> 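Structure below; questions to follow.
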Amino acid sequence: MPIAESELTAARSAWGVGLVSIAQAYEADGIEGARAVASRVLDEVYGYDMGPVLFKPTMASGEQTFRPTKRGALAYFVGQDPEFPLDSGFGLKGWRDVKSETAASFADGHVAMWMGWVTMTDKDGLITKVDKSFGYKRDADGVLRIVLHHSSLPYQP
């Protein structure tokens with residue numbers, strides 16, 4: 001069955017809900033609570049169990065720019081990993097709301113691509129807007145999993 005636009009919307013929503021849940025777990029239960037929630041979120045929305053995920057986080061650089069493994073993604077979202085010393089925990093920044101705006105999407109068979117803007121609001125009402133691209137693939141159970149995630153800050157000429 002082809003991937004519907006409503007499925008892409010639901011998959012982006014699940015990612016946003018996951019990001020907020022990581023931030024809230026950190027505030028309620030500290031780093032270990034956040035790590036447990038982040039690990040669950042990664043399992044639920046990303047396709048790391050299907051192979052490498054092409055993940056380029058917004059705030060990653062150098063030899064650790066790309067995060068094809070779950071460990072690298074977990075380090076990005078919660079920090080505290082000696083193998084990723086520059087990661088401070090993007091998911092710990094007090095996120096309260098995540099919204100997305102579609103620029104374009106494409107679906108063919110069990111694969112779909114989406115790009116647009118994601119706007120995240122933190123607990124103080126500060127807004128961060130990033131350019132994002134997500135690639136999705138259906139897993140064996142028919143669930144859309146992120147297999148490509150590219151994020152960058154908008155270009156400022």
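Keep in mind it's a predicted model, so treat the numbers as computed, not measured.
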> For the residue pair Val20 and Val98, establish whether any side-chain heavy-atom pair is separated by less than 4.5 Å.
yes
> Output yes when a side-chain donor or acceptor of Asp81 lies under 3.5 Å from a complementary backbone atom of Glu83, and no otherwise.
yes
> Can you tell me if Tyr136 has over 12 outside heavy atoms packed within less than 6.0 Å of its OH?
yes
> Could you give the distance from OG (Ser13) to NZ (Lys99), rounded to the nearest 0.5 Å?
9.0 Å
> Decide yes or no for Val147 and Val111: does some side-chain heavy atom of the first lie under 4.5 Å from some side-chain heavy atom of the second?
no
> Working to the nearest 0.5 angstrom, can you tell me the gap between Leu144 CG and Phe134 CZ?
12.0 Å
> By the salt bridge (Lys or Arg N to Asp or Glu O under 4.0 Å) test, which pairs, at least two apart or in different chains, include something from residues 142-157?
Asp139-Arg145
> Using a 3.5 Å cut-off and no angle test, enumerate the donor-acceptor pairs between side-chain atoms of residues 112-122 and protein atoms at least two apart in sequence or in another chain.
residue: Trp114; atom: NE1; partner: Thr102; partner atom: OG1; Å: 2.8
residue: Trp117; atom: NE1; partner: Asp131; partner atom: OD1; Å: 3.3
residue: Asp122; atom: OD1; partner: Asp124; partner atom: N; Å: 2.9
residue: Asp122; atom: OD1; partner: Gly125; partner atom: N; Å: 3.1
residue: Asp122; atom: OD1; partner: Leu126; partner atom: N; Å: 2.9

> Quick one, Gln64 and Tyr76 - any side-chain contact, counting heavy atoms below 4.5 Å?
no
> Side chains of Ile22 and Trp95, heavy atoms from C-beta outward: is any pair under 4.5 Å?
no
> State, yes or no, whether a side-chain contact exists between Tyr26 and Val37 at a heavy-atom distance under 4.5 Å.
no
> With a 4.5 Å cut-off on side-chain heavy atoms, are Gln24 and Arg96 touching?
yes
> Starting at CD of Gln80, measure out to CG of Asp87 and round the result to the nearest 0.5 Å.
10.0 Å
> Any donor-acceptor pair under 3.5 Å linking the side chain of Arg35 with the backbone of Ile31?
no
> How are the rings of His149 and Tyr46 set relative to one another: parallel (under 30°), tilted (30 to 60°) or perpendicular (over 60°)?
parallel
> Are Leu148 and Val41 connected in a single hydrophobic cluster, I mean Ile/Leu/Val/Met/Phe/Trp/Tyr linked by side-chain heavy atoms less than 4.5 Å apart?
no
> Salt bridge or not for Asp49 and Lys70, using N-O below 4.0 Å?
no
> Just verifying a value: how many Å separate Glu27 CD and Leu92 CG, rounded to the nearest 0.5 Å?
9.5 Å
> CG of Leu54 to CZ of Arg67: how many Å apart, nearest 0.5 Å?
14.0 Å
> A quick test of your reading: do over 12 heavy atoms of other residues, nucleotides or ligands sit less than 6.0 Å from CE of Met59?
no
> Is Val53 reachable from Val130 through a run of hydrophobic residues whose side-chain heavy atoms are each under 4.5 Å from the next?
yes
> Taking all atoms of both residues into account, what is the closest heavy-atom pair of Pro2 and Glu7, and its distance?
O-OE1, 3.7 Å
> Please report the closest heavy-atom contact between Ser39 and Leu74, naming both atoms and the distance.
N-CD1, 3.8 Å
> Which pairs of donor and acceptor atoms, one on a side chain in residues 150-157, lie under 3.5 Å apart (sequence neighbours left out)?
residue: Ser151; atom: OG; partner: Thr58; partner atom: OG1; Å: 2.4
residue: Ser151; atom: OG; partner: Lys132; partner atom: NZ; Å: 2.9

> Do Phe77 and Leu42 have side chains that approach each other closer than 4.5 Å (heavy atoms only, starting at C-beta)?
yes
